[in-house]
Amino acid sequence: MQSALRPKHYISQEIFRQEQVKLFSRLWIFACFKSAVDADQAFATRRIADRNILIQNAAGKIRAFENSCPHRLMPIQSAPFGQSRMICPYHGWIFDDDGLVKTIPKEQQLYQYCSNERKSLGLHEYAVEIIGNMVFVNLDTNPLPISAQFAPELIERLTDISGFFGEVSVHQTIPVNYNWKLNFENVLDHQHIPYVHPKTFQPLVMKSKADHVQNHEQHPTPSAHLSNQSWFSSTAMKVQPWPWHELVTPFGPKDTYHNHFIFPNVNFISVGGLVFLVQQFEPVSASQTLVRFSLCAAKPIKRINALPAILRGHLKGEVEVLMEDVAHLQNLQNGLRENSPEVHHGQYEHRLVGFGQAYLDLLAIED
Amino acid sequence: MKPQKLLLIGIGEVFEFIEDDPGSFGLAESELIKHKFENVDQVSALAGNVLKNFDPKEVTLFVSLDSNALNHARLEVYGRARLFGFSMANLIHHSAILSPSVQLADNIYIGPYVQIGPSSEIAGNSFLCASSRLGASVKISSHCWLGAGVTVGSGSTIASHVVLGDNTQIDKQTELEHHVLIEKSGPWSGKWTAGTFLEKHSTNPAITVGPSYTYSRMLKK
């Protein structure tokens, strides 16, 4: 099968710009774990489609705003995560839980806004959908229903599995020098594991199960339908037992690796239903990506004293696996040219072909 | 009457160093009883059983675990030892230089050529490895690991369960909250929030998020 994508889709800055408008400004994009903002005035900040986004827990409701004060565009919150009320650090403007300007210090003396202008002052709000413990944001003024992007089985699965997340998570960003799609395609392609991860990942995959058990594998014909681009599977995997496993409630059966692909740019995995990792490939430019890791353990039955060490250890292992991919993908990116030869996918890569076609269908949508 | 013997239990490079050269810590071979575990999880699970074989009136205890001071599970070992009534020793290498006004709690390891400046304080179960140097008025909380060659500038505070890798440099007046791990040399300054991990090969640190890290459920109005 030939890929619908061409080298230009991985190197053109103009195509990158179109992606920001037609994909990342129109689709539901994973923003954070709900547990990361699960207290009054807890917040997370993200950059989505070249915009600064603030996810704020405002009086118990999780909302998404443009992270930019209407006065002089200063970001309201600057830390990646934290807890503080929406008060602009530049001139002290205070915002209410709806993102409207509540108080401006010395307003009458210094600003003297007319009534209409004053009423208009507030943070632009974006749509939020929460699936289980996962917060999604949509930047479109008229967002598509989330059920148009994610099939009901996936929504049910994400609700179920993320219900097992513990409250505490670790987060890290890793800048890499290749197009975000190369990483998403990489995680869709399980056949690279024995060659790129022979010592880290391959030994964990049980040899008795040659193929993944998938929930959409009856007709391996590439499908470009949007809701078919997000799916999940489970594979047998030998999970080394540790004492702390007895202190949590795991998801699903033992010795199972759960893999979820959340279009357009998230891979969410779980090792044994004990550890959960969301890796998100955040576009920075045509040839640069910020890989964002969010990792947590399963919900504890009783206090796990060693939790920071456990989370750190698992994150370190996942970063090690990623860096094995990075070495190859950066080489791949460096070799791409406008006139590079076409790609020839095998039958097992029908997911990559479908992804490429769905991506092109979205890019073809009029502005 | 002070116990005659020292019971050394644990695992890791410091355990092995003490085991190899007890004389450098002022111990005679005949005064040293050793129990080495296979891994840290074993220490948590079996330390109680090992301690039951000894009379706290006859031995002083020193617990020496690995550098993974993030691991909160070690609290179970220290807590159990104190519950059994053991007094815990400090092991200070004969080459270390400590200002007379330094205050030490117990079960502290001070390695070869360590220097500690005046009015510094070190809480229990913290390890300062070879050639680490603390300035004046440095406060180190419990269960910290300072690797070989670490320097900590004057007036800095280091909270509990902090790990500083070999040759890490901490500037003056720096504040490290609990469960911070730094493995890159630095120098580092400012305030580091709890649960920040900066590994040797990382561009950006990892941060821990959630209750008691980035938010409290009791926000003041």
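Chain naming here is simple, since letters A, B, ... match the order of the sequence lines and numbering starts at 1 in each. Because the structure is a prediction, the values reported are computed rather than measured.
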Yes or no on side chain to side chain contact (heavy atoms under 4.5 Å, CB included) for R312(A) and E199(B), after CA distance, side-chain angles and deciding distance?
-> CA-CA 10 Å; R312(A) 181 232 168 181; E199(B) 311 272 357; 2.7 Å; yes
I would like to know whether D38(A) and R217(B) meet side chain to side chain contact (heavy atoms under 4.5 Å, CB included); could you show each step before the answer?
-> CA-CA 8 Å; D38(A) 196 22; R217(B) 295 202 192 278; 3.8 Å; yes
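With rounding to the nearest 0.5 Å, the separation of OH in Y215(B) from OG in S35(A) is 6.0 Å.
Contact record, A39(A) with S216(B): CB-O, 3.8 Å, taken as the closest heavy-atom pair. Considering all non-hydrogen atoms of both residues, N204(B) and Q172(A) come closest at O-NE2, 2.8 Å.
Between chain B and the options A42(A), C296(A), G82(A), heavy-atom pairs under 4.5 Å are most frequent for G82(A). Counting heavy-atom pairs closer than 4.5 Å to chain A, the top residue among G195(B), S202(B), P205(B), A206(B) is A206(B).
Using a 4.5 Å cut-off between heavy atoms, T203(B) contacts chain A through its side chain alone, with no backbone atom that close. Contacts between N57(A) and chain B at a heavy-atom distance below 4.5 Å are absent for every atom of the residue. In this structure, the portion of V37(A) lying under 4.5 Å from any heavy atom of chain B is its backbone and not its side chain. Residue W244(A): no heavy atom, backbone or side chain, is found under 4.5 Å from chain B.
With a 6.0 Å radius and a threshold of 12 heavy atoms from other residues, nucleotides or ligands, F54(B) has its CZ atom above the threshold. By the neighbour-count criterion of 12 heavy atoms within 6.0 Å, atom NZ of K102(A) is sparsely surrounded, having that number or fewer from other residues, nucleotides or ligands. Atom CZ of R133(B) has 12 or fewer neighbouring heavy atoms from other residues, nucleotides or ligands inside a 6.0 Å radius.
Taking the side chain as every heavy atom from C-beta outward, V168(A) and S212(B) never approach each other to under 4.5 Å.
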